[in-house]
Amino acid sequence: MEKKNIDWGNIGFGYMQSDYRYVSCYKDGKWDDGQLTTDPNITLNECAGVFQYAQTVFEGLKAYTTEDGKIVCFRPDLNASRLADSAKRLEMPVFPEDRFVEAVKQVVKANEAMVPPYGSGATLYIRPYMMGTNPVIGVKPADEYMFRIFVTPVGPYFKGGAKPITIKVSDFDRAAPHGTGHIKAGLNYAMSLHAIVTAHDEGYAENMYLDPATRSKVEETGGANFIFITKDGKLVTPKSDSILPSITRRSLMVVAEKYLGMEVEHREVALSELSDFAECGLCGTAAVISPVGKIVDHGKEICFPSGMDEMGPTIKKLYDTLTGIQMGTIEAPEGWICEIA
Ligand SMILES: *Cc1c(COP(=O)(O)O)cnc(C)c1O
């Protein structure tokens, strides 16, 4: 397969138009067969449910070229089931989970020329999403929907190594009342944009959101879950109904326990105990793990001594093991790697 003429080592984390995308439409109570299309534009009625009531949900995953030249993706079945949960929460029809995985494979294969080669640092980001398409003016769910998947090659999340970031304890709550925090839906993300822009303006890389009821417990950031390492080498990760169930975080919990023999605690984490941890990281599909060196809570600085200048040693081990599994240099648990080509 002839690859596109792209400078793989120097692409950023952005959108680059690929040749093919997948589309399937829902009408009269059923999904059509779905197909690939070359048209990147969507034309919809001005009153479509997605525009009026933000009835839209999405997912994000990646395809990689492994060391032995295969194209694979990581646990797409979990993205399929999370999209189904998101759809149910917004009264949208579920796109069948087996068809989701097949559609991911089909669109990646069609865009094989844009899958970054092994060792380039770049990967193919895959964005499945779904929206209400017919006109709705009363507050109610749409009757017609479109499910689509596009792909775009993305560079490493960090240029020149993973330098630890500084984040702030946010003054804002993500508007995630009544349990909408655990879905990937357009409305939740739009509600976090003001907090992100504010944090960037103040010189921080990200926000730490707290539980809105007591503002004393750690939740997550706008696009990643937290992991902490205790001084005696345990992995601690916050538990709450309003945290997005990150596939990366769930995978890291298994890697810590089964591959590295670490103890893992999935429990409530108090803001007041942060200073007891040795290392802190943010985990998600985009960066795998971003090390956090410092958290600022309204002027009070919490520093993680073993992760201020570079990724801390335990987080580095977790990162190397998970990326080794994804790139095919370390044997994966059953069912984690989905072969595409
Ligand atoms: C996508 C996302 C994550 C990370 O989830 P992964 O499945 O690991 O990519 C965490 N939190 C939020 C709010 C997210 O949108």
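When a ligand or atom number is given, it counts from 1 through the structure's own listing order. Note that these values count all heavy atoms, side chains included, but never hydrogens, waters or copies made by symmetry.
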Test item: Lys3 side-chain N/O and Val115 main-chain N/O as donor-acceptor pair under 3.5 Å: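 The answer is yes, because a donor-acceptor pair under 3.5 Å joins these two groups.
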Between the side chain of Arg82 and the main-chain N/O of Pro245, is any donor-acceptor distance below 3.5 Å? yes
With a 3.5 Å cut-off and sequence neighbours excluded, list the donor-acceptor pairs that the side chains of residues 92-100 form with protein atoms.
| unit_1 | atom_1 | unit_2 | atom_2 | d |
| --- | --- | --- | --- | --- |
| Arg99 | NH1 | Asp32 | O | 3.1 |
| Arg99 | NH2 | Tyr22 | OH | 3.1 |
| Arg99 | NH2 | Asp32 | O | 3.0 |
| Arg99 | NH2 | Asp33 | O | 3.1 |

Just by distance, no angles: are the side chains of Tyr125 and Arg127 close enough, under 3.5 Å, to form a donor-acceptor pair?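 Their side chains do contain a donor-acceptor pair, which is all the 3.5 Å distance test asks for.
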Short N or O distance, [X] and ligand 1, threshold 3.5 Å exclusive:
X: Ile247; answer: yes
X: Thr221; answer: no
X: Ser246; answer: yes

May I ask you to list the atoms of ligand 1 that are less than 4.0 angstrom from any heavy atom of Asn225?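 Near Asn225, meaning under 4.0 Å from one of its heavy atoms, ligand 1 has 10 (C), 11 (N).
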Provide the number and element of each atom of ligand 1 under 4.0 Å from a heavy atom of Ala224. 10 (C), 11 (N), 12 (C)
Return yes when Gly222 approaches ligand 1 closer than 4.0 angstrom through a heavy atom, no otherwise.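 Under 4.0 Å: yes for Gly222.
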Does Arg82 reach ligand 1, in the sense of a heavy atom lying below 4.0 Å from it? yes
What are the two closest heavy atoms between Tyr209 and Phe172, and how far apart are they?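 Shortest heavy-atom separation between Tyr209 and Phe172 comes out as CD2-O, 3.4 Å.
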Going by the rule ring-ring contact (aromatic ring centres under 6.0 Å, His included), which residues pair with Phe74 if we only count those two or more places apart in sequence or in a different chain? Trp336
